[in-house]
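Hydrogens, waters and symmetry mates play no part in the numbers below; they use all other heavy atoms, side chains included. Keep in mind that this is a model prediction, so the values were computed, not measured. Along the sequence shown, residues are numbered consecutively beginning with 1. All ligand and atom numbering here is 1-based and tracks the order in the structure.
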Amino acid sequence: MAVAAPTLLDGRSLSRSVLDDCRSRSELLAERFGVIPHLAVVLVGDDSASAVYVRAKERACERAGMQSTVVRLPATSGTAAVSDAVGSLSADAGVHGIIVQLPLPTGIDPAAALARIPADKDADGFHRYNVGSLFLGQSAYPPCTPEGVMRLLDHARIGLEGANVVIVGASNIVGKPMAVMALSREATVTVCHAKTQNLAAHTREADVVICAAGSAGLITGDMVKHGAVVVDVGINRLSDGRVIGDVDFESVAAKASHISPVPGGVGPMTVAMLIHNTVRAAERSVGLSSPHPGAEKTGSSTGSSTEVS
Ligand code: NAD
């Protein structure tokens, strides 16, 4: 029996339309307020993967008609120097979004550096105020990767209400906020992690599997049910330079109804959401937003393109 090919959750194409929407909003901000949304990235050391990610963020800013600044510091910088660089950007009214590219070199405390990013410039959505707001279903700056996953699902019209959603990975930046977002859409959520016993027993029950474990090929075809939606957040670099996800694409694609590729799935959406959060911060800096963060629903399928009116 011929098996229908799954629908690809194409993050590359969707991210382009998010960035184009951001560009329209940037142009409006420039015309009406003389404000150009500005993302500042603090990059410490010379990790090659980090350099690639930062370049992708710069390119996304260009596409969205935004300004970007990369503050480069040597790997030998201490925690105080990195924190001070973040502090200077925080005090700069012309900067709307700030991120510290992680991981930082050994010996630099990421928590200390991140603590200097104020909640209203928190483009990554990592600030404890924004994390708490997400928990209440009200975040103005949702964390980029899970929000990108929600956008991919929304775009494919995959509703989560009543669905069994299994999230593999329980980190603070992906798995946990992903669980909160899925729960706020009234999914029944299971969160698995490295200590979970019999992972396959959980994933086989899932209507939607979202894998963010950082383990190449962890999810195989025998671990998902026919017709499941499978989102692969993982990024694993092989010794030959190839980048693959956590999902064994071939065997899972033979059973899934929808699947996200790596590369070209969640990764570009993460960058697009970073840009989106920065544009939103710029809008809020001139008073163009809902009166309080609670009025903005996280993971909204309608996005926020009508905020500038
Ligand atoms: P992390 O290391 O902080 O957390 C990994 C989580 O997965 C932990 O909860 C751990 O318990 C769980 N886990 C690990 N191995 C497991 C296994 N065999 N079975 C079940 N659970 C397991 O990682 P993270 O920062 O959340 O990132 C996870 C992956 O997602 C990495 O590959 C990372 O590169 C990738 N990532 C991708 C994007 C993107 O934009 N596509 C963004 C962030 C992270």
Side-chain angles (χ1 to χ4, degrees), residues 8-15 18-19 41 47-57 59-60 99-104 110-111 114 123-126 131 134 142-153 165-182 189-206 209-220 222-224 230-238 241-249 252 259-277:
L8 216 56
L9 298 170
D10 181 355
R12 214 165 257 151
S13 137
L14 182 57
S15 70
V18 171
L19 293 178
V41 181
D47 178 68
S48 59
S50 290
V52 170
Y53 293 140
V54 168
R55 184 67 201 119
K57 289 165 188 174
R59 275 199 306 270
I99 63 163
V100 176
Q101 184 65 41
L102 300 175
L104 290 173
L114 292 174
D124 263 334
F126 294 167
V131 173
L134 177 73
C144 300
T145 301
E147 179 70 0
V149 172
M150 294 306 292
R151 293 287 187 107
L152 271 178
L153 295 174
V165 174
V166 173
I167 296 161
V168 184
S171 70
N172 288 337
I173 62 167
V174 188
K176 284 185 204 167
M178 191 75 252
V180 171
M181 286 183 189
V189 181
T190 303
V191 183
C192 301
H193 47 78
K195 298 284 164 67
T196 297
Q197 293 178 24
N198 200 350
L199 178 63
H202 295 283
T203 55
R204 277 190 202 115
E205 295 299 317
V209 178
I210 301 169
C211 192
S215 176
L218 177 66
I219 305 297
T220 47
D222 59 320
M223 294 171 70
V224 300
V230 182
V231 180
D232 191 353
V233 179
I235 298 176
N236 304 288
R237 281 175 194 282
L238 303 182
R242 277 186 307 136
V243 172
I244 63 168
D246 288 353
V247 173
D248 177 49
F249 190 88
V252 173
I259 186 167
S260 72
V262 176
V266 177
M269 290 305 295
T270 297
V271 177
M273 291 304 117
L274 177 71
I275 301 307
H276 180 266
N277 278 348

* Atoms of ligand 1, numbered as shown, that sit under 4.0 Å from any heavy atom of I173 -> 25 (O)
* Structure fact -> So the atoms of ligand 1 within less than 4.0 Å of a heavy atom of G169 turn out to be 6 (C), 7 (O), 9 (O), 12 (C)
* To do: Among all protein heavy atoms, pick out the one at the shortest distance from atom 11 (O) of ligand 1; state its residue, atom name and that distance to 0.1 Å.
  => A194 N, 2.8 Å
* **Winner among C211, P177, A170, P268 once heavy atoms are compared against atom 8 (C) of ligand 1** => A170
* Structure fact -> In short, A170 meets K176 closest at the heavy-atom pair O-CE, 3.3 Å
* Asked: Going by heavy atoms, is T196 under 4.0 Å from ligand 1?
  -> no
* Considering all heavy atoms, the nearest I219-C211 contact -> CG1-SG, 3.7 Å
* To which protein heavy atom is atom 21 (N) of ligand 1 closest, and what is the distance rounded to 0.1 Å? -> H193 C, 3.0 Å
* List the steps, then state whether side chain to side chain contact (heavy atoms under 4.5 Å, CB included) holds for V230 with L9. => CA-CA 9 Å; V230 182; L9 298 170; over 6 Å; no
* To do: Closest by any non-hydrogen atom to atom 44 (C) of ligand 1: pick that one out of D246, L102, V174.
  => V174
* Looking only at protein heavy atoms, which one is nearest to atom 42 (C) of ligand 1, and how far off is it? -> T145 OG1, 3.1 Å
* To do: Quick one: do V247 and V262 satisfy side chain to side chain contact (heavy atoms under 4.5 Å, CB included)? Show the steps, please.
  => CA-CA 9 Å; V247 173; V262 176; over 6 Å; no
* Structure fact -> Residues S171 and P177: closest non-hydrogen pair is O-CD, 3.7 Å
* Asked: Where is the tightest heavy-atom contact between R237 and A49, given as atom of each residue plus distance?
  -> NE-CB, 3.7 Å
* Asked: Identify the closest protein heavy atom to atom 28 (C) of ligand 1: which residue and atom is it, and at what distance?
  -> A212 O, 3.4 Å
* Considering only protein heavy atoms, which is closest to atom 33 (C) of ligand 1, and at what distance to one decimal place? -> I235 N, 4.2 Å
* Structure fact -> Closest to atom 4 (O) of ligand 1 among protein heavy atoms sits S171 CB, 3.6 Å
* What's the shortest distance from atom 19 (N) of ligand 1 to any protein heavy atom, and which residue and atom give it? -> L218 CD2, 3.8 Å
* Run the numbers for me: atoms of ligand 1, each under 4.0 Å from some heavy atom of V168, listed by number. => 20 (C), 21 (N)
* Structure fact -> Under 4.0 Å from one or more heavy atoms of G267, ligand 1 contributes atoms 40 (O), 41 (N)
* Do F126 and I173 pass the side chain to side chain contact (heavy atoms under 4.5 Å, CB included) test, and can you show the C-alpha distance, the side-chain angles, and the key distance before you say yes or no? -> CA-CA 7 Å; F126 294 167; I173 62 167; 3.4 Å; yes
* Asked: Sub-3.5 Å donor-acceptor pair from the side chain of D248 to the main-chain atoms of T220, do we have one?
  -> no
* Asked: Are there protein heavy-atom neighbours of atom 2 (O) of ligand 1 below 4.0 Å?
  -> no
* Asked: How close do L14 and M269 get, heavy atom to heavy atom, and via which atoms?
  -> CD2-CE, 3.7 Å
* Asked: Looking only at heavy atoms, which two atoms of A213 and D246 are closest? And how far apart?
  -> N-OD2, 2.7 Å
* To do: Any chance you could lay out the side chain to side chain contact (heavy atoms under 4.5 Å, CB included) test for Q101 and K57, step after step, and finish with the verdict?
  => CA-CA 11 Å; Q101 184 65 41; K57 289 165 188 174; 2.7 Å; yes
* To do: Pull out every atom of ligand 1 sitting under 4.0 Å from any heavy atom of G214, numbered as shown with elements.
  => 28 (C), 29 (C), 31 (C), 32 (O)
* Whether G175 lies under 4.0 Å from ligand 1, heavy atom -> no
* Asked: Side chain, backbone, both or neither: which part of T270 comes within less than 4.0 Å of ligand 1 when only heavy atoms are counted?
  -> side chain
* Asked: So, do I275 and V18 sit near enough that their side-chain heavy atoms are less than 4.5 Å apart?
  -> no
* Does ligand 1 have a heavy atom under 4.0 Å from the side chain of V233, from its backbone, from both, or from neither? -> both
* Asked: Quick one: which of P143, A56, A213, G11 has a heavy atom closest to atom 15 (N) of ligand 1?
  -> A213
